[in-house]
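Start at 1 with the first residue, then count along the sequence. Everything quoted here is computed from the prediction, not taken from an experiment.
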Amino acid sequence: MRKLYMELIRMRFLTMLAYRVNYYSGIIIYGINIGAYFFLWSAIYGGQQQLGGLTVEQMTSYVAIAWMSRAFYFNNIDMEIAQDVREGKVAIEMIRPYNYLSVKTAQAFGEGIFRFLFFAGPGIFLISLVIPFRFPASGEDWGLYLISLMFAFLINTQINLVTGLLTFFLLRNDGMMRAKRVVVDLLSGLVLPISFFPGWAQTAMGFLPFQAVNYYPSLIFTGAISTGRAWELIGLQVAWVLIIMIPILFLWRKARHRLVVQGG
């Protein structure tokens with residue numbers, strides 16, 4: 001079974017590689033996003049050395065790595081599940097000798113590896129020629145960041161699985177999936193670091209999984225927190241992975257007995 005999932009990861013990676021136009025446009029888009037946010041935050045800081053607990057240098061790194069992280073954890077498997085349900089393909093998938101949700105996760109992982117290596121990597125390189133930012137100084141910091149990024153991928157994928165599984169019950173939930181994407185980008189710290197939110201909002205967001213998607217790995221990368229605190233945040237990510245697994249298993253169990261094929 002492990003070989004099957006490895007092959008699924010490889011096939012999705014090669015599929016992404018086949019679309020060269022998306023590859024080149026992806027590099028440009030990520031470069032533009034990072035550059036635009038950098039100049040925006042430079043204007044916001046003005047002559048101030050620190051805002052929201054981050055120095056100018058740390059904010060520069062935060063902006064760059066936040067988009068680099070998104071390139072890895074981002075996927076559209078909720079929309080893929082919705083399409084499979086509407087077209088009736090999911091009925092065939094359910095009788096095959098593998099777990100449908102695990103297959104979708106493996107495919108998303110292959111896509112994430114491609115985006116990380118061929119979108120974010122070149123984008124960061126191009127931006128570094130114009131914008132100075134600091135990389136982690138030690139191998140330990142890089143290791144903590146990559147561990148946190150892996151859990152960020154799992155949490156974001158789980159959120160997408162939950163949204164996608166709701167299609168079994170709602171039949172069409174396109175609006176919900178689009179709204180979910182906006183909410184994740186905003187509350188994960190991609191658009192605005194969590195430390196810039198009001199105190200009451202930060203407290204409320206602490207009970208939600210979204211900041212574990214982007215804010216935690218980005219903080220670790222910038223070096224704005226200690227090693228001990230970094231491990232605490234990774235521990236919180238592990239907890240969220242286990243917590244979100246509960247509604248996924250519940251919805252999947254109900255979905256298999258409620259499938260309504262609309263096509264196929």
Exercise. May I ask you to check whether N214 and S69 show a side-chain donor-acceptor distance below 3.5 Å?
Key: no
Practice problem: Not counting sequence neighbours, which residues clear ring-ring contact (aromatic ring centres under 6.0 Å, His included) with F153? List them please. | Solution: F72, F109
Quiz prompt | Nearest heavy-atom neighbours spanning I147 and W231 | solution = CD1-CH2, 4.1 Å
Self-check item: Sub-4.5 Å side-chain heavy-atom contact between V90 and F168
Solution: yes
Quiz item: In Å, rounded to the nearest 0.5 Å, how long is the span from CG of L165 to CZ of R253?
Solution: 14.5 Å
Quiz item: Tell me, which pairs form a side-chain hydrogen bond (donor to acceptor under 3.5 Å, both in side chains) where one or both residues lie in residues 146-162, sequence neighbours left out?
Solution: N75-T157, N75-N160, S148-Q237, N160-K180
Quiz prompt | Closest non-hydrogen atom pair between M59 and P193, with its separation | solution = CE-CG, 3.6 Å
Self-check item: Test of ring centre spacing under 6.0 Å for W41 and F196
Solution: yes
Quiz item: Going through the distances and angles, do F151 and Y216 end up as a side-chain contact (heavy atoms from CB on, under 4.5 Å)?
Solution: CA-CA 10 Å; F151 282 111; Y216 291 174; over 6 Å; no
Practice problem: Apply side-chain contact (heavy atoms from CB on, under 4.5 Å) to L161 and I77, showing your working. | Solution: CA-CA 7 Å; L161 288 175; I77 60 173; 3.7 Å; yes
Quiz item: If we only count heavy atoms from C-beta on, is the S188 to Y73 side-chain gap below 4.5 Å?
Solution: yes
Practice problem: May I ask whether Y37 and L186 are part of the same hydrophobic cluster, defined by side-chain heavy atoms of I, L, V, M, F, W, Y residues being less than 4.5 angstrom apart, directly or through others? | Solution: yes
Practice problem: Say whether M11 and V103 are linked into one hydrophobic cluster, either directly or through other cluster members, by side-chain heavy-atom distances under 4.5 angstrom. | Solution: no
Exercise. Find the distance between CD1 (I81) and CG (L101) and round it off to the nearest 0.5 Å.
Key: 6.0 Å
Quiz item: Roughly how far, to the nearest 0.5 Å, is CG of D78 from CD of Q83?
Solution: 12.0 Å
Self-check item: M177 with F169, same ILVMFWY side-chain cluster at under 4.5 Å
Solution: no
Practice problem: State whether the side chain of S218 and the backbone N or O of Y215 hold a donor-acceptor pair below 3.5 Å, judged by distance alone. | Solution: no
Exercise. Would you please test E232 and L236 for side-chain contact (heavy atoms from CB on, under 4.5 Å) and show each step?
Key: CA-CA 6 Å; E232 290 178 8; L236 290 174; 5.9 Å; no
Quiz prompt | A106 versus I9, closest heavy-atom pair with distance | solution = O-CG1, 3.3 Å
Self-check item: Smallest separation among heavy atoms of R172 and R86, with atom names
Solution: NH1-CD, 3.1 Å
Quiz item: Would you say the side-chain atoms of N99 pair up with the backbone N or O of S102, donor to acceptor, closer than 3.5 Å?
Solution: yes
Quiz item: Could you walk me through whether F221 and L144 pass the side-chain contact (heavy atoms from CB on, under 4.5 Å) check?
Solution: CA-CA 8 Å; F221 184 92; L144 288 170; over 6 Å; no
Self-check item: Hphob cluster co-occupancy, L208 + L154, side-chain heavy atoms under 4.5 angstrom
Solution: yes
Exercise. For P217 and Y145, work out which heavy atoms get closest and say how close.
Key: O-CD1, 3.2 Å
Quiz item: Side chains of L233 and R229: closer than 4.5 Å at any heavy-atom pair?
Solution: yes
Quiz item: If you look at every heavy atom in P247 and I243, which pair is closest and at what distance?
Solution: CD-O, 3.2 Å
Practice problem: Can you measure from CD1 (I248) to CD1 (I244) and round to the nearest 0.5 angstrom? | Solution: 7.0 Å
Quiz item: Do the side chains of I159 and M245 join up, straight or via other hydrophobic residues, at under 4.5 Å, putting them in one cluster?
Solution: no
Quiz prompt | Test: D185 and R70 ion pair at under 4.0 Å | solution = yes
Below 3.5 Å, can you tabulate the donor-acceptor pairs from side chains in residues 112-123 to any protein atom, sequence neighbours excluded?
unit_1	atom_1	unit_2	atom_2	d
R115	NE	E111	OE2	3.0
R115	NH2	E111	OE2	2.8

Exercise. Enter the distance from M176:CE to R181:CZ here, rounded to the nearest 0.5 Å.
Key: 15.0 Å
Quiz item: Where the side chain of Q211 meets the backbone of M205, is there a donor-acceptor pair that is under 3.5 Å apart?
Solution: yes
Quiz item: If we only count heavy atoms from C-beta on, is the I220 to I234 side-chain gap below 4.5 Å?
Solution: yes
Quiz item: Quick one: CD on E80 to OG1 on T167, what's the gap to the nearest 0.5 Å?
Solution: 12.0 Å
